[in-house]
Amino acid sequence: MIQKCLFPAAGYGTRFLPATKSMPKEMMPVVNKPLIEYGVDEAMQAGLNEICIVTGRGKRALEDHFDINYELEHQIAGTGKEAYLNGIRDIMNECTFSYTRQTEMKGLGHAILTGRTLVGEQPFAVVLADDLCLNPEGDGVLAQMVALYKQFRCSIVAVEEVPQDQVHKYGVIAGEMIRDDIYRVNTMVEKPSPDEAPSNLAIIGRYILTPDIFDILEDTEPGKNGELQITDALMKQAQNGCVMAYRFKGQRFDCGSVEGFIEATNYCYNTIYAQ
Ligand code: G1P
């Protein structure tokens, strides 16, 4: 029922300079697979086969990654090395890709609004590829959220508890607990100080959004740091009781930070690659 997954991918990745000077941060490999491909794997596993990517200047490697490289593939045809391409070939068989460019960086809300032309008027998922989510024991985080969408038919944000001294990095929610892992959101604050934070439940980079979010974003003023914040638009939906927060099952790594990226690399090496 949800088919589209939007990847805002126009950001600069300044925390990883100089690596990201000419390479998109979404192409940083965790072991041998770029971050964006983990995100697309997760979307595909959730049945979301229409991949929409908001790109920007210097991001062409993303488009090339999800395409055939004839010369390379001819070179390795019939050798054992072909197996390395199995994952990406499955993706290319199952998914379509469309792209639009964000010409100015004006916040996550602005990036999502830029994707409107690709998404249209239907519910859709959003993946921030530098939040790497893995659940080797079961369904991925997006698949868990799609199942919840079928039940609630409203916007859903994935949340996890973070230490109080970390809340300033996230959108933070509070709400009424309706199951031990689901809240009906009534408050959300973007990057609060520890004493402004309504809880320690932080939004991570997985969303399901209903399409009315686009009109709401059009009418939302720039918020924290002068940027158009998705959190502010979601707060308007939450005032009508239409946002759920879900404490997902699995592991999430903040691959936008060097520490999180190294942690993810060690985890993937030990649990996936070396098996
Ligand atoms: C964005 C959102 C924030 C959310 C975070 C998750 O912030 O604005 O609400 O908690 O993603 O990764 P950013 O990390 O882009 O500053």
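Atoms within a ligand are numbered from 1 in the order they appear, just like the ligands themselves.
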K.L.:
Shortest non-hydrogen contact from L48 to C5?
P.N.:
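It is CD1-CB, 4.0 Å.
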K.L.:
What are the atoms of ligand 1, with element, lying closer than 4.0 Å to any heavy atom of Y170?
P.N.:
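Close to Y170: 10 (O).
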K.L.:
In ligand 1, which numbered atoms sit nearer than 4.0 Å to a non-hydrogen atom of T231?
P.N.:
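So the atoms of ligand 1 that pass are 9 (O).
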K.L.:
Is any heavy atom of the protein nearer than 4.0 Å to atom 11 (O) of ligand 1?
P.N.:
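Looking at atom 11 (O) of ligand 1, one finds that a protein heavy atom does lie closer than 4.0 Å.
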K.L.:
So, is K191 polar-close to ligand 1, with some N/O to N/O distance under 3.5 Å?
P.N.:
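N/O-N/O distance under 3.5 Å: yes.
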K.L.:
Can you figure out which of M188, E190, Q229 has its heavy atom closest to atom 9 (O) of ligand 1?
P.N.:
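Residue with the shortest heavy-atom distance to the ligand atom: E190.
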K.L.:
Taking the six-membered ring for Trp, are F253 and Y267 closer than 6.0 Å centroid to centroid?
P.N.:
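F253 vs Y267: aromatic centres under 6.0 Å.
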K.L.:
Just heavy atoms, cut-off under 4.0 Å: does L128 contact ligand 1 by side chain, backbone, both, or neither?
P.N.:
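Side chain only; the backbone of L128 stays clear of ligand 1.
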K.L.:
Any side-chain heavy atom of L209 within less than 4.5 Å of one from F214?
P.N.:
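Heavy-atom side-chain distance check fails, nothing below 4.5 Å.
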K.L.:
Can an N or O of G171 be found at a distance shorter than 3.5 Å from an N or O of ligand 1?
P.N.:
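Checking ligand 1 against G171, an N or O pair does fall under 3.5 Å apart.
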K.L.:
Below 3.5 Å, N or O to N or O, backbone or side chain included: is there any such pair between D131 and ligand 1?
P.N.:
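By distance alone, the answer is yes.
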K.L.:
With a cut-off of 4.0 Å, which atoms of ligand 1 are near a heavy atom of Y207?
P.N.:
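Close to Y207: 2 (C), 4 (C).
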K.L.:
Quick one: closest heavy-atom pair of M27 and P34, and the distance?
P.N.:
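Here M27 and P34 meet closest at O-CB, 3.6 Å.
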K.L.:
If every non-hydrogen atom of A238 is compared with every non-hydrogen atom of V243, which pair is closest and at what distance?
P.N.:
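That closest heavy-atom pairing would be N-CG2, 3.5 Å.
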K.L.:
Check if I230 has a non-hydrogen atom at a distance under 4.0 Å from any atom of ligand 1.
P.N.:
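No heavy atom of I230 comes that close to ligand 1.
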K.L.:
Do the side-chain N and O atoms of Q237 and T210 include a donor-acceptor pair separated by under 3.5 angstrom?
P.N.:
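Side chains of Q237 and T210: pair found under 3.5 Å.
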K.L.:
Distance below 4.0 Å between atom 15 (O) of ligand 1 and any protein heavy atom?
P.N.:
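Flag for atom 15 (O) of ligand 1 set to false, no protein heavy atom closer than 4.0 Å.
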K.L.:
Does Y246 have its ring centroid less than 6.0 Å away from the ring centroid of Y183?
P.N.:
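No - the distance between ring centres of Y246 and Y183 does not fall below the 6.0 Å cut-off.
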K.L.:
Got the closest protein heavy atom to atom 6 (C) of ligand 1, with its distance?
P.N.:
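Answer, as residue, atom name and distance: I203 O, 3.4 Å.
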K.L.:
Could you walk me through whether E73 and K81 pass salt bridge (Lys or Arg N to Asp or Glu O under 4.0 Å), step by step?
P.N.:
CA-CA 10 Å; E73 295 185 34; K81 290 183 180 163; over 6 Å; no
K.L.:
With respect to L108, determine whether any N or O atom, backbone or side chain, lies less than 3.5 Å from an N or O atom of ligand 1.
P.N.:
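No: no nitrogen or oxygen of L108 is under 3.5 Å from one in ligand 1.
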K.L.:
For G250 and N135, which heavy atoms make the closest approach, and how far apart are they?
P.N.:
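Answer, listing the atom of G250 first, then N135: CA-OD1, 3.7 Å.
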